[in-house]
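What follows is a single structure, written as structure tokens, with notes after it.
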Number of protein chains: 2
Amino acid sequence: MAATIEDVARRAAVSVATVSRALRGLPNVAPSTRERVMTAASELHYVADPSASRLAGGRNLTVGFVVPMLGQWYYAKLFSGVEAVLTVAGYDVLPFTMSGPGGVRRFVETLPFRKRVDGLIVADAPLEPAQFRRIEQAEVDLVTIGTLGQGIVGLSVDNVAAARLAVGHLTGLGHRRIAQIGGIVDDPFHFSVPVDRYHGYRDALEAAGIGHDEELAVPGNFSLEGGAEAMHRLLALDEPPTAVFACSDEMAIGAMQVARDAGLRVPEDLSIVGIDDHDVSEYVGLTTIRQDVVGQGERAAQRLLELSDPATSGPLHEHLPIRLIVRRTTGPPPPGVGFRW
Amino acid sequence: MAATIEDVARRAAVSVATVSRALRGLPNVAPSTRERVMTAASELHYVADPSASRLAGGRNLTVGFVVPMLGQWYYAKLFSGVEAVLTVAGYDVLPFTMSGPGGVRRFVETLPFRKRVDGLIVADAPLEPAQFRRIEQAEVDLVTIGTLGQGIVGLSVDNVAAARLAVGHLTGLGHRRIAQIGGIVDDPFHFSVPVDRYHGYRDALEAAGIGHDEELAVPGNFSLEGGAEAMHRLLALDEPPTAVFACSDEMAIGAMQVARDAGLRVPEDLSIVGIDDHDVSEYVGLTTIRQDVVGQGERAAQRLLELSDPATSGPLHEHLPIRLIVRRTTGPPPPGVGFRW
DNA sequence: ATCGGGGATGGAAGCGTTTGCAGCTCGTGG
DNA sequence: CCACGAGCTGCAAACGCTTCCATCCCCGAT
């Protein structure tokens, strides 16, 4: 049987109250007493029971991390960032996955985190304002990543700018027929990441004086397969693009492979740019817009910790830096196709 | 304020004991009563406080998932498998990361999961038997993945066979000078995955009547960068290999890029085979040994659940299937280099 | 009709902490 | 020399649930 606070108290010849105070570093404990208690505790390998602490103290020392799924690169990286800072702060991090059909709705209806976390970091959840309200009613601190909520602390890269940067790179190289993979999704909610990237794409086209062709914007599901599928559709077009802007590196890689299988050379025949700077992107030479995903996780965790400290107060929404990394998948359009105005 | 069991009891006009029984589906509750309780509970949006449940009932309903890190593909996938089955079984999954210097030791010394989880799934932890014992003393069920513990339920692919399969593929193509990236690591513990793969590599060489050259076995850290670095070392050799067997697809991809940057054609000048079948491997055409990582996570979770059910009992150690997937990074050695006996 | 027994319910004792409050012991200023 | 406050410490009441045990009711068997 594991030692309880009472065992420690007995061994140190003090009351349980004093043990509790001594071990948690509260004031009003004589140094000699504290020492004695700490010794006793470590001799017994004592660790406070988190359930009992929580029940008595009201704090869970746990934060929930809500994501669509954890198997994908982006969310796994995010998680490492979140976990790194929260762990040293003494918190456990409990992931909640909203995958599967009706995942979001189920999540909002059951609020599975209730009574078990002090705070929540929500990444890319396509939540309606009303759903955000319900979550807040569960009395948790809340920080969002990616898709931001009105009146809720959140951080994100500037997705419009990121898309503009990527597509601007393409237009700068002379491309006029530029596709987008993974922009607007048929999402009933305002899942802002793809939407914003779509707008940035449109912006950049417009800035370059290029008309928009609706058939060049195809969904991609933010997965390798999705990117591949999207590329197939694009190649089947009467007038295929000379460049594609994929909203994630994984889609870009999927698309790239399909293009090459179809006999296209990248970048000579087709340019491709992604977003993320996935770990492998450097190794496949993918031009991309880099964002510091781990850093985003860390920052989100910090913001969450700050929420319980009334002294600090940052801006409600925070934007993180992005950067164009030019590698070997982008170049000028094939001759005779590009500059034909 | 969130509703407590007492609120529900009052509203349903029964005692808290009955509410507890009714809500948990215990027998000896009249159907009509149960119905009344359930109605009251849902009207109040009642959810039992997990801390209180645990304290009173002794079960945490959460399992810990111990990994070196979570940002890497393999562990992220493993996690999705684990999480998928444990979530439907009503368990929370709490990840513990052992990264950083002294991570393992710190973990074993503090046993941060104590009193917090009912069970533990430990993946690839380089633990000494004594350390395993300490963990077991914390009164948790235990299942290991990858690196197995003596007398502890665990599952893994047959790493010796996997390596043999990969290297056998290479020797079958005619390669005689075959390097290994990421075999034995300078690990004070018996971290069996790399060790086993090293033995498989040696086996296959021997089976093909090829002598072993120690300088062809280089570490790789199981990362993209590590693979790249390893390849640099191999290319600097007086007599570089015509094929490399990388112990993970990420190392393979890192190596492949370095080789190509050095002007080598893959597979014409250099063949590369990995292990894992990483998501992107299909898209970079990497020949590899496939293992079902998500499936391993799922299976581990099932085994853990079975541990609390004395009726079931499988073998202590379980091996999962592997399969050679031939794609476009392996081929016969360049003429004049291969069959020169 | 009476008794026995099983199913349904309630009472209440924990589970291991935290924390408000009270009490005790000094040292210091009046 | 006494009173008083500051600093330590202990007592005991929560916290919200589970579960053992006792109680009650109703029905069939004798």
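As the structure is a prediction and not an experimental result, all values here were calculated from the model. Each chain gets a letter, A, B and so on, in the order its sequence line appears, and its residues count up from 1.
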message: Side chains of B:Q302 and B:R299 only: does a donor on one sit below 3.5 Å from an acceptor on the other?
response: yes
Closest to the A:L55 side chain, choosing from C:dG11, D:dC15, D:dT18: D:dC15
query: Please give, in whole Å, the distance from C:dT9 P to B:L23 CG?
result: 14 Å
message: With a 4.0 Å cutoff (strictly under), does any side-chain N or O of A:T4 reach OP1 or OP2 of C:dG16?
response: no
statement: B:R24 CZ to C:dA8 C1', in whole Å, measures 16 Å
- prompt: Within the distance-only criterion (no hydrogens, no angle test), does the side chain of A:T39 pair as donor or acceptor with the backbone N or O of A:E35 below 3.5 angstrom?
  reply: yes
- prompt: With a non-hydrogen cut-off below 4.0 angstrom, is B:D49 in contact with a base, only sugar-phosphate, or nothing?
  reply: sugar-phosphate
query: What is the distance, rounded to the nearest whole Å, between atom CG of B:N60 and atom P of D:dG16?
result: 19 Å
- request: Pick base, sugar-phosphate or nothing for B:A30, based on heavy-atom distances below 4.0 Å to the nucleic acid.
  value: sugar-phosphate
Separation of D:dC8 C1' from A:E35 CD (nearest whole Å): 17 Å
task: Tell me what A:A48 touches on the nucleic acid: a base, only sugar-phosphate, or nothing, going by heavy atoms under 4.0 Å.
output: sugar-phosphate
query: How are the rings of A:F79 and B:F79 set relative to one another: parallel (under 30°), tilted (30 to 60°) or perpendicular (over 60°)?
result: tilted
message: D:dG10, OP1 or OP2 - any side-chain N/O from A:S15 closer than 4.0 Å?
response: yes
query: What's the closest nucleotide to the A:R21 side chain, out of D:dC20, D:dC15, D:dT9?
result: D:dT9
- prompt: Closest to the B:T33 side chain: D:dT18, D:dT9, C:dT9?
  reply: C:dT9
- request: Counting heavy atoms from C-beta on, name the nucleotide in D:dT18, D:dA14, D:dC8 closest to the side chain of A:N28.
  value: D:dC8
- prompt: How close or far is atom C1' of D:dT9 from atom CZ of A:R36, stated in whole angstroms?
  reply: 11 Å
- prompt: In whole Å, what is the span from the CZ atom of B:R10 to the C1' atom of D:dC17?
  reply: 15 Å
query: Do the side-chain N or O atoms of A:T18 get closer than 4.0 angstrom to the phosphate oxygens (OP1, OP2) of D:dT9?
result: no
message: Once you apply a heavy-atom cut-off of 4.0 Å, does B:R54 come out as touching a base, just sugar-phosphate, or nothing?
response: nothing
- prompt: Is there a donor-acceptor contact under 3.5 Å linking the side chains of A:N60 and A:R116?
  reply: no
message: Name the residue from A:V63, A:L61, A:D92 that meets the side chain to side chain contact (heavy atoms under 4.5 Å, CB included) definition with A:L86.
response: A:V63
message: Are there over 12 heavy-atom neighbours, none belonging to B:R133, within less than 6.0 Å of that residue's CZ?
response: yes
message: Taking the minimum atom-to-atom distance to the side chain of A:V14, which one of D:dG10, D:dT19, C:dG16 wins?
response: D:dG10
- prompt: CZ of B:R116 versus C1' of C:dG16: gap in Å, rounded?
  reply: 15 Å
- request: May I ask you to verify if any side-chain N or O of B:K115 is less than 4.0 angstrom from the OP1 or OP2 atom of C:dT17?
  value: yes
- prompt: NA contact type, B:S51, heavy-atom cut-off 4.0 Å: base, sugar-phosphate, or nothing?
  reply: nothing
field: Selected nucleotide, minimal atom distance to A:A17 side chain, candidates D:dG10, D:dC17, D:dC15
entry: D:dG10
task: Under 4.0 Å between any heavy atoms, over every strand shown, what does A:V47 touch: base, sugar-phosphate, or nothing? Just pick one.
output: sugar-phosphate
Euclidean distance, atom CD of residue A:E6 to atom C1' of C:dT17 [Å, nearest integer]: 10 Å
